[in-house]
Number of protein chains: 2
Amino acid sequence: MLTQTMITESPRRPASKAARGRPPVEAQPLGGSIELMGACLSFARNVEIYGEGETAEYLYKVVSGTVRTSKILADGRRQIGAFYLPGDMFGLEMGEEHTFSAEAIADAKVLVIKRSAVTALAQRDSDVAHELWTLTGRELHRVQEHVLLLIKTAQERVAGFLLEMAQRERESNEVELPMSRQDIADYLGLTIETVSRTLTHLAATAVIEVPSSRRIVLRNRAALARLNG
Amino acid sequence: MLTQTMITESPRRPASKAARGRPPVEAQPLGGSIELMGACLSFARNVEIYGEGETAEYLYKVVSGTVRTSKILADGRRQIGAFYLPGDMFGLEMGEEHTFSAEAIADAKVLVIKRSAVTALAQRDSDVAHELWTLTGRELHRVQEHVLLLIKTAQERVAGFLLEMAQRERESNEVELPMSRQDIADYLGLTIETVSRTLTHLAATAVIEVPSSRRIVLRNRAALARLNG
DNA sequence: CGACCATTTGATATGGATCAAGCGATGTGG
DNA sequence: CCACATCGCTTGATCCATATCAAATGGTCG
């Protein structure tokens, strides 16, 4: 069994701190008509936003911070389904229940939108319906990519992960990782030690630089892409 | 690199043989309004239905036989995305291109539906739109389950696969596997040898019975479910 | 400063991959 | 009708990537 990060239910901190370190989200083409009608909530680091199995009453959009969705298997192993950065929507479900749980990785602000309102709107407005569908389709695509990651070697997974993260934080070579090594490991289906060793190895071969554990510089993108398979 | 099954582009055989061995498909609640407007095509074993990267002009519904979707990685490894049995729809894409290719595993008949017709219809009819969305959502759920399979041990993957297949062929304990060991291996992210060994082991421990290589009897579902994690 | 985490590093174990035969069906040509 | 090639599958022996177990390091906060 893998060692799990203990989820410490730390008390909510004031929202003022949550927006730190990431620019405000510009209006997205997707969700343009949706995002108007939600309330904005703050969640402190490691606080659960919703739990697996709870009824899916809302869908969410990250304003600041980072959110992870995860699932705990019977024997305690944890699988992380996705990381959501500012601008990403999450929590949209087809069934009545959330199939994963969601937690804030760093203090996060999320826009909360009532599901019933959106689906009702979608019934009349085919554009909204199309947006919802697109959202699900995008998610599908992401998960398919995730499957492709999981059949690869440790190096390839880590390389793929870094490229994925780099792609998302505006095409820079500096990647700020908001999640712990354990989170990365549980996302990639590896152990924390293997993730660490692989990063060390990539650094040793000058493919990346690791100035601090949560900050990574991509020195040789081509090599990473090659490793990615 | 994994050894790949050679895809022999055998010539199309007459459709009469394709329906063998599986009862005709009853009308599904989903797709009720969609399936009326398609043509029915036949594909021989191992014939490609569409290729990765081709423009997604149609979506498909399996009438008889079995279809697999797959992707070949740069180094030759193959990942199978899904197996589609009679009644299942596949090939629905959000983008303009197919992200996987699709081949018939056994001689198959598939209903072919023009994408543009469906999306046009969806624009006016919110029920059709909802059907499309549901279809994508169901697919998303399947792929999420696939991810969960891929982080498990070989035993757990094979057990999970068998349960999945059993669930789909009307809740019987007899599972007829239409796909080869190589297909199963590429679906589960294992080698053909490991799949074979695992099945042998499950048979040795009386969890299953393997009267012929393509036919499996689940003797102890509880044990399988336990192995499934 | 000292306690507590997260992360790295090291030593060893192991599950599954790889390499290599063997086996049983199915089909083909002599 | 039988010898023989072929193909899909199984079985065996060995190797290696990653897990596991254990300890050291380093950063953060009271």
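We use all heavy atoms of the structure for the numbers below, so side chains are in, but hydrogens, waters and symmetry mates are not. Proteins come first, then strands; the chains are lettered A, B, ... in the order of their sequence lines, and each starts at number 1.
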Inset, instruction - Please work out if A:Thr153 contacts a base, only the sugar-phosphate, or nothing of the nucleic acid, heavy-atom cut-off 4.0 Å. - result: sugar-phosphate
Inset, instruction - Classify the side chain of B:Arg197 versus the base of C:dT18 as yes if they form a donor-acceptor pair under 3.5 Å and no if they do not. - result: yes
Inset, instruction - Compute whether any side-chain donor of one residue and acceptor of the other, for B:Glu156 and B:Thr153, lie under 3.5 angstrom apart. - result: yes
Legend entry - Pair assignment for DNA chain C - dot-bracket with | for other-strand partners, Watson-Crick or G-U under 3.5 Å: ||||||||||||||||||||||||||||||
Inset, instruction - With the side chain of B:Glu193 defined as its heavy atoms from C-beta on, choose the nearest nucleotide among D:dT18, D:dT11, D:dA22. - result: D:dT11
Inset, instruction - Give the ring-plane orientation class for A:Tyr60 versus A:Phe90, where under 30° counts as parallel, over 60° as perpendicular and anything between as tilted. - result: parallel
Inset, instruction - Check whether any side-chain N or O of A:Arg214 sits under 4.0 Å from OP1 or OP2 of D:dG27, and answer yes or no. - result: no
Legend entry - Beyond-backbone contact of B:Met165 with B:Ile216, side-chain heavy atoms, under 4.5 angstrom: no
Inset, instruction - Under 4.0 Å between any heavy atoms, over every strand shown, what does B:Ser196 touch: base, sugar-phosphate, or nothing? Just pick one. - result: base
Legend entry - Plane angle bin for B:His98 and B:Tyr50 - parallel if under 30°, tilted between 30 and 60°, otherwise perpendicular: parallel
Legend entry - Side chain A:Lys61, main chain A:Asp88, donor-acceptor under 3.5 Å: no
Legend entry - Closest to the B:Thr191 side chain, choosing from C:dT18, C:dT9, C:dT8: C:dT18
Inset, instruction - Could you verify whether a donor N or O on one side chain and an acceptor N or O on the other, from B:His146 and A:Gln144, lie under 3.5 Å apart? - result: no
Inset, instruction - Check whether any side-chain nitrogen or oxygen of A:Ser213 sits under 4.0 Å from OP1 or OP2 of C:dT8, and answer yes or no. - result: no
Legend entry - hbond_proxy A:Gln182 side chain to C:dC5 base (donor-acceptor, 3.5 Å cutoff): no
Inset, instruction - Would you tell me if any nitrogen or oxygen in the side chain of A:Thr194 comes within less than 4.0 Å of OP1 or OP2 on D:dA19? - result: yes
